[in-house]
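Below is one structure, written out as structure tokens; comments come after it.
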Amino acid sequence: MFTLTEVASLNDIQPTYRILKPWWDVFMDYLGAIMLMLAVFAGTMQLTRDQVLCLPYLEPEKELVCPDAFSAKSSPVTTTATAPFMPKDVPDEVLHSVYSNQPEPMGLRTNLDFQQYVFVNQMCYHMALPWYSKYFPYLALIHTIVLMVSSNFWFKYPKTSSKIEHFVSILGRCFESPWTTKALSETACEDSEENKQRFTGAATVPKNVSTGSEEESPSVSTPMLQNSELRFSAERPVTDVPSVTILDKKDGEQAKALFEKVRKFRAHVEDSDFIYKLYVAQTIIKTVKFILILCYTSTFVAAISFCHVCTPPNLKELTGYAKFQCTHNMAFMLKKILISYMAVICIYGLVCIYTLFWLFRRPLKEYSFEKVREESSFSDIPDVKNDFAFLLHMVDQYDQLYSKRFGVFLSEVSENKLREISLNHEWTFEKLRQHVSRNAQDKLELHLFMLSGLPSAVFDLTDLEILKLELIPEVRITAKISQMTSLQELHFYHSPAKVEQTAFSFLRDRLHCLHVKFTDVAEIPPWVYLLKSLKSLYLIGSLNSENNKMIGLESMRELRQLKTLHLKSNLTKIPTNITDLSPHLLKLVVHNDGTKLLVLNSLKKMMNLAELELHNCELERIPHAIFSLTNLQELDLKSNIIRTVEEVISFQHLKRLTCLKLWHNKIITLPVSISQVKSLESLYLSHNKLDSLPTSLFSLPKLRYLDLSNNSIAVIPPEVGFLQNLQHFAITSNKVEILPKQLFRCVKLRTLCLGHNCISSIPERIGQLTQLLHLELKGNCLDHLPGQLAQCQLLRRSGFSVEDHLFDTLPQEAKESISQESNISFTGV
């Protein structure tokens with residue numbers, strides 16, 4: 001026995017998929033139920049009442065004529081009377097006594113007993129009765145079950161059932177989600193606000209907001225987001241639209257999950273059309289089934305009759321009769337049921353033909369949300385294809401409101417709006433204020449990392465000076481940024497930024513420094529090239545196009561105030577577009593990440609360039625284009641593969657060159673011509689392969705900073721004493737054994753780095769360096785320190801790097817002198 005719960009659970013299956021069953025499928029289900037009832041009714045009648053009654057035919061010489069059971073003119077068979085069959089040798093007295101005690105018999109006398117009649121009826125039921133009369137109920141039942149299975153096969157087939165179940169589940173959640181109601185309600189609210197703005201005029205529009213129409217062509221210097229997907233925010237004046245509904249955190253998280261599920265489901269389903277093909281196939285099967293049933297049923301319906309003549313073989317020896325006249329008592333009812341069944345089948349077939357017409361009348365593997373886009377502000381809802389489109393077409397047959405509400409979760413604008421609301425709930429003004437800090441330059445800085453968007457409360461931090469945004473998928477800069485009057489520097493690290501017109505006007509006039517980190521050059525916002533007040537621009541990412549021949553930067557002619565340009569990329573040549581900056585650019589930095597920089601001819605046009613850095617560009621020699629930069633003051637060629645610097649003699653034409661950085665290269669020797677660069681004040685030669693120093697190096701009268709660390713130098717020439725202006729001398733990590741006494745003639749030395757060498761003693765003349773602030777001796781072969789260190793009155797323990805046991809060898813007076821007024825404890829650095 002089935003429990004009531006088990007039976008009730010079967011009814012839950014139908015409502016689950018009802019939204020995917022159009023009216024014809026529902027109608028065919030009802031027709032199937034009617035056919036099933038007819039089959040069950042016919043089968044029940046056949047089991048309970050179906051039988052054949054037969055009587056022997058006694059006039060074999062006459063032609064057997066079966067009366068029509070359904071005609072009013074038919075005459076009964078019993079009108080002919082014959083004498084009862086009796087044996088001839090029976091005495092008359094016996095016959096008289098038999099007939100005198102009984103009433104006179106009426107009708108035909110057959111002289112057959114009951115068992116013989118039963119036997120004859122069974123024989124004639126199987127021989128004389130048409131097979132369709134006997135098996136019609138079972139055929140109707142089988143056909144009905146096949147048709148019902150065909151109607152629902154796509155719900156059960158493994159390759160389609162999971163997708164359909166997932167789709168129905170997502171569709172139901174999208175329909176019931178509070179975010180759907182909120183998004184559609186806010187659309188209506190925004191439309192009403194827009195109409196209100198039209199009637200109330202420009203009085204409600206802020207002064208700094210443009211009221212131009214969409215038809216007006218925007219100015220070149222004021223880029224709008226008209227091509228952006230965020231039409232509802234960029235093409236209308238900035239107004240505070242009140243929320244129609246309140247979306248709590250739980251509903252927001254559920255809506256976010258729905259967006260992700262819809263995205264994954266679309267990627268999973270849209271690439272195939274198997275569901276559509278299966279539905280077409282099962283509809284064709286039902287149509288073919290209808291034609292088959294109609295053809296053979298109409299053929300056999302005439303064979304159903306009330307009266308039948310039966311001639312069973314070898315039955316005369318048993319009963320004495322060869323032919324029997326039989327009646328089928330279910331013939332009338334069976335014929336009526338069959339006619340009803342054929343009528344239902346015809347209606348079923350017409351519905352199947354209509355379904356095929358609907359399936360092939362228009363392309364169902366494409367679905368457009370055009371009406372939804374027109375009725376709502378979500379103009380970015382994409383059209384879908386294949387099985388995803390077919391499922392939506394099926395849903396439209398149930399209720400088009402489902403597709404409309406489902407389209408909200410296909411819109412990136414809707415998703416961004418949800419992120420914005422959730423983000424603003426989470427990142428309040430108080431929370432953002434806690435993340436504001438002061439950087440090394442004592443400026444207020446806020447760094448936001450991996451958020452879903454830019455919180456609107458950021459624009460309320462009016463005293464913020466630096467804003468860093470990293471790995472934020474979409475940044476919308478609204479007109480509220482005009483409140484941040486202290487903002488001077490912006491960082492966009494893999495964070496595409498869209499700027500409204502009013503916000504751009506503010507940035508164009510106020511922003512001084514901009515950092516943009518990207519993957520492809522197309523990700524650089526076009527408004528970057530129109531910031532006329534920008535002074536520093538940092539571009540980090542690939543600037544080469546796909547063919548690796550053309551640099552993808554746009555024109556920089558509008559950057560009239562730009563002084564510093566940093567390019568960290570993989571360039572093969574200096575971009576020709578930066579020549580637009582040649583009249584006013586003062587500093588150019590190229591960090592090339594190991595890609596060989598081949599063409600530098602564009603540098604010749606940048607005559608006002610004062611600082612040039614070419615890092616990690618695989619340069620083997622000093623580029624000749626540099627020698628044309630007559631205003632160059634600082635040159636940095638760090639991390640290249642330069643082996644020789646014979647071209648250094650050409651630096652004598654660069655009269656303003658004061659700083660030369662050739663560190664982290666492979667320089668083996670320095671040419672004697674280094675002495676010709678008389679204007680040098682700083683020379684960086686650390687991390688090379690120098691093993692000796694030319695004496696001409698020490699004939700640079702203005703040299704104040706000399707760094708020779710991390711080489712293989714064994715001897716410091718005594719000519720070092722000629723550098724009377726030397727303030728910083730570093731020769732750490734070399735092979736120096738002896739310090740020349742002439743070194744201590746450089747009385748202006750403030751920093752002396754001698755660590756990690758082979759020095760065995762420090763001359764007592766070190767006391768002559770009275771301006772020494774930093775002294776590094778750690779990592780040598782010293783066994784004691786001279787007490788004359790006490791004469792270095794500015795030297796403190798925090799600036800003295802030496803082992804603890806060596807420091808203890810100093811006289812007490814020297815230790816006290818070095819340790820006094822020292823607020824930083826010794827860390828052994």
Side-chain angles (χ1 to χ4, degrees), residues 521 524 536-545 547-557 559 562-667 671 673-674 677 679-680 683-685 688:
V521 66
I524 302 177
S536 300
L537 177 60
Y538 295 76
L539 299 178
I540 306 172
S542 177
L543 289 174
N544 283 340
S545 61
N547 56 16
N548 204 29
K549 294 181 179 180
M550 181 179 63
I551 306 303
L553 291 178
E554 295 185 13
S555 175
M556 297 184 175
R557 295 176 183 175
L559 304 179
L562 194 65
K563 305 298 181 183
T564 302
L565 177 61
H566 286 246
L567 302 176
K568 187 174 182 181
S569 184
N570 53 347
L571 302 175
T572 56
K573 64 177 182 179
I574 298 296
T576 55
N577 289 336
I578 69 171
T579 57
D580 298 335
L581 307 172
S582 56
H584 45 78
L585 191 66
L586 299 180
K587 182 176 181 179
L588 175 62
V589 179
V590 178
H591 289 217
N592 222 29
D593 292 335
T595 302
K596 190 168 186 178
L597 190 60
L598 300 174
V599 182
L600 296 94
N601 294 332
S602 300
L603 290 176
K604 296 180 179 180
K605 299 180 181 180
M606 310 187 73
M607 300 302 297
N608 293 324
L609 202 63
E611 297 182 34
L612 176 62
E613 295 183 13
L614 301 176
H615 289 188
N616 208 4
C617 297
E618 295 295 308
L619 299 176
E620 298 178 1
R621 305 180 71 90
I622 300 176
H624 290 278
I626 295 176
F627 305 137
S628 301
L629 306 177
T630 55
N631 289 315
L632 193 65
Q633 299 178 15
E634 181 176 333
L635 176 62
D636 189 351
L637 300 177
K638 180 182 178 181
S639 299
N640 286 284
I641 53 175
I642 299 175
R643 298 179 182 275
T644 177
V645 288
E646 295 295 335
E647 301 86 354
V648 75
I649 191 174
S650 299
F651 284 138
Q652 62 182 327
H653 303 295
L654 306 180
K655 302 299 183 179
R656 298 187 178 183
L657 186 65
T658 59
C659 181
L660 178 60
K661 298 181 178 180
L662 297 173
W663 46 351
H664 296 268
N665 279 280
K666 298 182 179 180
I667 301 174
S673 57
I674 188 77
V677 194
S679 59
L680 271 185
L683 180 59
Y684 294 74
L685 293 170
N688 278 283

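What you see is a predicted model; the values in this text were computed from it and never measured.
Among all heavy-atom pairs drawn from Glu647 and Ile622, the shortest one is OE1-N, 4.2 Å. The shortest non-hydrogen separation linking Glu618 to Ile641 is OE1-CD1, 3.7 Å. In terms of heavy atoms, Leu657 sits closest to Glu634 at CD1-N, 4.0 Å. Residues His584 and Lys563 share a closest heavy-atom pair of O-CD, 3.5 Å. The shortest heavy-atom contact between Ile578 and Met556 is CG2-SD, 4.4 Å. Shortest non-hydrogen contact noted between Pro623 and Leu619 is CG-CD1, 3.9 Å.
Taking OG1 of Thr564 as the start and CG of Leu585 as the end, the distance is 7.0 Å to the nearest 0.5 Å. Taking NZ of Lys568 as the reference point, atom CG of Leu539 lies at 13.0 Å (rounded to 0.5 Å). Atom CG of Leu586 and atom CD of Gln633 lie 8.5 Å apart (nearest 0.5 Å). Note that the CG atom of Leu559 and the CG atom of Asp580 stand 9.0 Å from one another [nearest 0.5 Å]. Rounding to the nearest 0.5 Å places CG of Leu635 at 8.5 Å from CG of Leu629. Leu637 CG to Ile667 CD1: the interatomic distance, rounded to the nearest 0.5 Å, is 8.5 Å.
Using a distance-only test at 3.5 Å, with no hydrogens or angles considered, no donor-acceptor pair links the side chain of His591 to the main chain of Asn616. Side-chain atoms of Ser569 come within 3.5 Å of backbone atoms of Gly541 as a donor-acceptor pair (strictly under, hydrogens ignored).
Using a 4.5 Å heavy-atom threshold, the side chains of Ser542 and Val521 count as separate. Residues Phe651 and Leu660 form a side-chain contact, since some pair of their non-hydrogen atoms from C-beta on lies under 4.5 Å apart. Residues Pro575 and Leu567 form a side-chain contact, since some pair of their non-hydrogen atoms from C-beta on lies under 4.5 Å apart.
Applying the side-chain hydrogen bond (donor to acceptor under 3.5 Å, both in side chains) test to every pair with at least one member in residues 637-646, sequence neighbours left out, gives no pairs at all.
Residues passing the ring-ring contact (aromatic ring centres under 6.0 Å, His included) test with His624 are Phe627, sequence neighbours excluded.
Between the side chains of Asn592 and His615, no donor N or O sits under 3.5 Å from an acceptor N or O.
When each of Thr595, Leu543, Leu597 is checked for a side chain to side chain contact (heavy atoms under 4.5 Å, CB included) with Thr572, only Thr595 meets the rule. Under the side chain to side chain contact (heavy atoms under 4.5 Å, CB included) test applied with Leu588, the options Leu565, Leu581, Leu614 reduce to a single match, Leu565.
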Side-chain atoms of residues 598-613: list all donor-acceptor pairs with protein atoms under 3.5 Å, sequence neighbours left out, distances to 0.1 Å.
residue: Asn608; atom: ND2; partner: Pro583; partner atom: O; Å: 2.8

Intermediate values then yes/no, side-chain contact (heavy atoms from CB on, under 4.5 Å), Trp663 and Asp636: CA-CA 8 Å; Trp663 46 351; Asp636 189 351; 3.0 Å; yes
